[in-house]
Colleague: 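One structure coming up, written as structure tokens, with questions to follow.
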Amino acid sequence: MGKKENTSCSCQHCFSEDFCLAMDTTEIPIYMIDAEKFEIVYCNKTLCRYMDRNPLGEICYKAFRELDEPCPDCVVLKILKEGINEAIEYRRPTGNWMLVKASPLCWKGKDYYKVTCTDITKQKKLEEELRFHNIEYRAVVYQSTSGIMRYDIATGVAAVNVDRRLNRVEEYLIPDYVDVIHRSGIVHSDSVSVVDAMFDDIHHGVPSHGYDIHVVLEQEESHWCHLDYTLIENEQGKPYRAVASFFDNTEQREKELAYQLWNTRMNTLMNEYAAYMEVNLSQDLIEAEGRHGSWENNSSGRCFSRELERMAILAIFDEDRFNFRSFFHRERLLGQFLAGNREGVLEYRTRIEGPLQWYRAEVQMVSDPSSGDVKASIMISNVDVDMREREHLKNEAERDIMTGLYNHATVETLIEQTMKLNTGERCCFLIIDLDDLRIINSTLGHPEGDRALKSIADCMKSQFRKSDIMGRIGGDEFVVLLRNAPEIDGLRSALATFMSQLNKIKIGPLDDWVIHASVGGTMGTAGVDDFKTLYRQADLALFYTKAMGKNGFNMYVPEFEKREFSYKPRSTASLETVESLESSEIRKLLHAVSSYCQMIVSVNLTRNTYYMLEYVSYTTQHSKDEGSFDQLIQEGGASFHPEDREEFLTRFKRENLLKAYEEGQRIVQYVGRQMGDDGIYRKMKTVVILMKEEESGDICEIAFTHVVPTEKECHRIECKEETLDGDGEDREKLT
């Protein structure tokens with residue numbers, strides 16, 4: 001683009017000639033831009049000279065800032081957004097500072113912006129120089145003395161000034177001044193001798209070697225004051241005056257005393273520890289200096305950070321390595337020191353030799369007053385015995401003694417803490433309830449009930465991950481929080497596997513009682529849900545699982561809140577009812593029947609439910625304690641011989657049993673061949689007693705099933721009875 005003559009005729013938008021002449025007379029660069037396109041539509045001669053070209057027709061931010069779009073601090077943009085006049089300072093690539101001001105201008109109905117550019121390079125330099133002068137002045141004032149004392153040796157008069165501007169001077173005779181110091185307590189008792197020694201040195205012409213005096217102010221604040229003096233000699237070369245300066249040296253002196261105390265303490269303690277190391281954190285350097293018990297022989301002079309990493313890889317237990325690195329990280333230690341934390345403790349395990357050993361590292365940090373470097377003493381002691389005892393006590397306090405899982409209080413606390421973390425982690429909360437623990441205890445005995453609880457806990461440990469939180473919160477109730485839970489399909493698959501493994505567990509004297517459990521679960525999000533919410537939802541799902549027949553699992557859905565389901569009611573015509581009767585003869589009868597019959601089932605035909613009575617030793621082919629009677633008949637029919645199956649299904653079809661009751665039948669019998677767990681068909685006889693509940697009017701039944709002995713089996717029984725009357729040898733054979 002060629003240069004253009006800067007006249008009013010050359011403007012794309014003709015401003016008045018007077019306006020152009022006025023703008024050309026000023027030494028300040030001025031230009032006009034189009035408000036929409038940021039295009040320069042006018043510029044005065046000063047701007048052309050300044051840029052050594054005519055920018056008319058160019059885009060302003062490209063012409064001046066060499067940018068592809070308006071800069072964020074553009075004054076015109078600010079006017080457009082906020083409607084106020086704006087000014088900014090910016091530095092050109094040439095190094096010059098510019099002050100740019102903009103103001104809106106409407107010309108012949110169109111909006112423009114008048115922009116003035118002023119070179120403020122000299123002003124900025126002056127401001128910078130002034131700023132440096134101020135900094136230097138403040139530094140001098142900060143470093144200057146707090147007071148000056150002029151002491152005339154011949155007259156013994158001291159003129160003391162405590163005002164930095166030298167406006168206040170107080171004169172004392174030295175004997176009086178020292179006496180006042182002694183009696184007033186201004187100088188601490190441990191520094192009185194230092195004051196006396198300083199004046200003696202002045203009288204004897206001894207050059208100053210610096211004197212630290214401990215003083216106490218009126219507010220009883222303890223401070224340290226450092227004094228230095230210069231001797232002024234007369235023509236004969238004898239000192240006749242001393243000029244002393246003193247300043248508050250509290251911070252430095254306290255650093256020196258702290259460092260001395262720290263060194264003394266460390267030298268005293270280092271022999272009591274298994275290992276000891278002194279580190280210069282500022283220099284990242286180990287300064288063992290041949291001290292006893294260093295981290296490793298000949299470690300002096302090595303880089304601390306590299307030695308730390310080497311130790312972390314070679315000696316530190318995997319689970320503690322991250323904490324070890326984080327704790328001893330040089331930048332962290334320096335940050336803690338600057339924040340005022342001078343001590344730290346870390347407990348970790350090592351794997352150098354033999355079994356894992358617990359160690360405690362104690363860190364003490366201090367600033368070296370001479371160099372200003374931050375130094376740290378690391379003292380390491382073996383605390384394996386104490387830590388293992390602590391772990392044992394902690395486990396006893398947190399764990400359920402029987403199962404080894406977390407107890408109620410601990411598991412609830414851990415889950416609550418996990419769910420409070422604002423991580424967005426997807427979790428699954430499960431309640432696992434052992435089915436019929438009371439029946440197991442009353443039928444097989446409490447030791448077998450305890451065995452069932454331990455078996456569920458062992459199955460949980462084997463099927464769930466170490467990162468999951470597992471605990472026992474009640475007699476037969478367990479909970480699990482699955483961390484980073486899979487999607488619902490994967491979760492259902494995992495729960496199905498858990499239930500399958502659980503149903504393989506058998507208890508009882510003959511290991512023939514199958515463990516059953518009901519599970520309810522719900523999904524949750526860390527940072528959103530809490531323990532109380534998860535437990536309530538999972539409990540609803542568990543309630544539904546039990547209502548549907550137990551020994552299964554269900555995940556929470558909002559429909560459960562309506563509670564439009566209830567437990568399948570058990571028939572009142574059950575052994576539980578009989579147990580409550582006063583007649584001991586009836587109870588004895590049913591006890592005898594239960595020992596003879598292979599299975600006793602209480603059925604509510606009206607409600608289509610069944611319940612296995614508690615004095616029954618049923619085999620694994622009857623895998624449910626309660627549930628749908630129709631389903632039980634269908635599952636049971638599959639185990640009958642093909643020739644007997646149809647008759648069994650017809651005879652015990654619920655509709656047919658209800659019809660039989662209406663026709664007046666109260667006893668229904670059936671004999672058929674059923675396959676046992678060993679794959680052998682045996683003749684089974686079932687007797688059904690039909691009855692009606694008085695309260696509900698439901699039609700119910702109690703079914704007794706037992707194996708019909710064959711002729712050979714009957715003959716064997718008769719032979720056994722004869723043997724019982726024989727000699728002792730036959731008795732031993734029978735036994």
Colleague: Do NZ/NE/NH1/NH2 and the carboxylate oxygens of D34 and K37 come within less than 4.0 Å?
Modeller: no

Colleague: Please confirm whether the backbone N or O of L285 pairs with a side-chain atom of N280, one donor and one acceptor, at under 3.5 Å?
Modeller: no

Colleague: Between V363 and M365, which heavy-atom pair has the shortest distance, and what is it?
Modeller: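 Closest pair (atom of V363, atom of M365, distance): CG1-CG, 4.0 Å.
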
Colleague: Is there a side-chain contact between Y112 and P104 in this structure, where contact means two heavy atoms from C-beta onward sitting under 4.5 Å apart?
Modeller: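 Result no, sub-4.5 Å side-chain heavy-atom pair not found.
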
Colleague: Is a side-chain donor or acceptor of N484 paired with a backbone partner of C427 at a separation under 3.5 angstrom?
Modeller: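 Looks like no, no N/O pair under 3.5 Å.
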
Colleague: Mind checking what makes ring pair (Phe, Tyr, Trp, His ring centres under 6.0 Å) contact with F322, not counting sequence neighbours?
Modeller: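 Scan of F322 (ring pair (Phe, Tyr, Trp, His ring centres under 6.0 Å), adjacent residues dropped) gives none.
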
Colleague: Give a yes or no answer on whether the side chain of R426 reaches the backbone of T525 with a donor-acceptor pair at less than 3.5 Å.
Modeller: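 No, R426 side chain to T525 backbone: no donor-acceptor pair under 3.5 Å.
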
Colleague: With a 4.5 Å heavy-atom cut-off, do R360 and L346 have their side chains touching?
Modeller: no

Colleague: Working to the nearest 0.5 Å, report the span between CZ of F317 and OH of Y348.
Modeller: 14.5 Å

Colleague: Answer yes or no: does atom CD of E69 have more than 12 heavy-atom neighbours from other residues, nucleotides or ligands under 6.0 Å?
Modeller: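 Check fails, neighbour count at 12 or below.
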
Colleague: Between E561 and Y556, does any side-chain donor sit less than 3.5 Å from a side-chain acceptor?
Modeller: yes

Colleague: Using side-chain hydrogen bond (donor to acceptor under 3.5 Å, both in side chains), reason through Y211 and D228 one step at a time and then give a plain yes or no.
Modeller: CA-CA 7 Å; Y211 305 86; D228 266 317; over 6 Å; no

Colleague: Could you measure the distance from the OH atom of Y113 to the CD1 atom of I33? Nearest 0.5 Å is fine.
Modeller: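 It comes to 8.0 Å.
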
Colleague: Distance check, rounded to the nearest 0.5 Å: R332 atom CZ versus L281 atom CG?
Modeller: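 Those atoms lie 10.5 Å apart.
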
Colleague: Tell me whether T522 contacts the main-chain N or O of F429 through its side chain, where contact means a donor paired with an acceptor under 3.5 Å.
Modeller: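 Not a single qualifying donor-acceptor pair exists.
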
Colleague: To the nearest 0.5 angstrom, please state how far the CD1 atom of I59 sits from the CD1 atom of I40.
Modeller: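 Reported value, rounded in 0.5 Å steps: 8.0 Å.
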
Colleague: Could you walk me through whether M198 and Y229 pass side chain to side chain contact (heavy atoms under 4.5 Å, CB included), step by step?
Modeller: CA-CA 9 Å; M198 183 187 70; Y229 61 80; 4.1 Å; yes

Colleague: Given 3.5 Å as the limit, does a donor-acceptor pair link the side chain of N44 with the main chain of M23, or not?
Modeller: yes

Colleague: Might you point out which heavy atoms bring A361 and I380 nearest each other, and give the distance in Å?
Modeller: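 Closest heavy-atom pair between A361 and I380: CB-CG1, 4.3 Å.
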
Colleague: Compare every heavy atom of P55 with every heavy atom of L47, then report the nearest pair and how far apart it is.
Modeller: CD2-CG, 4.1 Å

Colleague: Can T418 and I469 be said to form a side chain to side chain contact (heavy atoms under 4.5 Å, CB included), step by step?
Modeller: CA-CA 9 Å; T418 300; I469 303 174; 3.4 Å; yes

Colleague: Salt bridge (Lys or Arg N to Asp or Glu O under 4.0 Å) between E287 and K375: does it pass, once the steps are laid out?
Modeller: CA-CA 9 Å; E287 297 178 346; K375 293 188 176 183; 3.4 Å; yes

Colleague: On a heavy-atom basis, which atom in C303 and which in D284 lie closest, and how many Å separate them?
Modeller: SG-OD2, 3.4 Å

Colleague: Salt bridge or not between E309 and R306? Use side-chain N to carboxylate O under 4.0 Å.
Modeller: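 R306 and E309: not salt-bridged.
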
Colleague: Start with the C-alpha distance between C43 and N54, add both sets of side-chain angles, then the distance that settles side chain to side chain contact (heavy atoms under 4.5 Å, CB included), and finish with yes or no.
Modeller: CA-CA 8 Å; C43 62; N54 187 341; 3.4 Å; yes

Colleague: Side chains of E347 and Y359, heavy atoms from C-beta outward: is any pair under 4.5 Å?
Modeller: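 Not in contact.
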
Colleague: Taking N323 for the side chain and D320 for the main chain, is one N or O donor matched with an acceptor at less than 3.5 Å?
Modeller: no

Colleague: Please identify each residue that fulfils side chain to side chain contact (heavy atoms under 4.5 Å, CB included) with D530, with sequence neighbours left out.
Modeller: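 Expected list: E416, K532, T533.
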
Colleague: Is the shortest heavy-atom distance from the side chain of T413 to the side chain of F531 under 4.5 Å?
Modeller: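 When only atoms from C-beta onward are counted, F531 and T413 do not touch, as no gap falls below 4.5 Å.
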
Colleague: Please enumerate all residues that pass side chain to side chain contact (heavy atoms under 4.5 Å, CB included) together with T116, with sequence neighbours excluded.
Modeller: I28, I30, K101, K114

Colleague: Apply salt bridge (Lys or Arg N to Asp or Glu O under 4.0 Å) to D318 and list each qualifying residue two or more places apart in sequence or on a separate chain.
Modeller: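 Checked D318 against salt bridge (Lys or Arg N to Asp or Glu O under 4.0 Å); matches are R321, R351.
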
Colleague: What I'd like to find out is whether the side chain of E362 reaches to under 4.5 Å of the side chain of E343, using heavy atoms alone.
Modeller: no

Colleague: Rounded to the nearest 0.5 Å, how far apart are CZ of R330 and CG of L308?
Modeller: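 Between atom CZ of R330 and atom CG of L308 there are 12.0 Å.
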
Colleague: Rounded to the nearest 0.5 Å, what separation is found between the OG atom of S377 and the CD atom of Q364?
Modeller: 7.5 Å

Colleague: How about Q283 and D373: do any of their side-chain heavy atoms sit closer than 4.5 Å?
Modeller: yes

Colleague: Write down the atom of M523, the atom of C428, and the distance for their closest heavy-atom approach.
Modeller: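 Taking every non-hydrogen atom into account, SD-CB, 3.8 Å.
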
Colleague: Which residues pass the side chain to side chain contact (heavy atoms under 4.5 Å, CB included) test with R49, sequence neighbours left out?
Modeller: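 Side chain to side chain contact (heavy atoms under 4.5 Å, CB included) check on R49 returns E27, K45, T46.
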
Colleague: Within the 4.5 Å heavy-atom criterion, are E425 and R483 side-chain neighbours or not?
Modeller: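 Touching, per the 4.5 Å side-chain cut-off.
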
Colleague: Which pair of heavy atoms, one from T121 and one from D119, lies closest together, and at what distance?
Modeller: OG1-OD1, 2.6 Å

Colleague: Go through the structure and list residues passing side chain to side chain contact (heavy atoms under 4.5 Å, CB included) with C117, not counting sequence neighbours.
Modeller: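 Partners of C117 by the side chain to side chain contact (heavy atoms under 4.5 Å, CB included) criterion, ordered by chain and then number, come out as P29, Y31, M98, V100, V115.
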
Colleague: Could you go through the side chain to side chain contact (heavy atoms under 4.5 Å, CB included) check for R325 and M311 one step at a time?
Modeller: CA-CA 9 Å; R325 284 169 170 158; M311 285 292 296; over 6 Å; no

Colleague: Quick check: do I378 and F328 have side-chain heavy atoms less than 4.5 Å from each other?
Modeller: yes

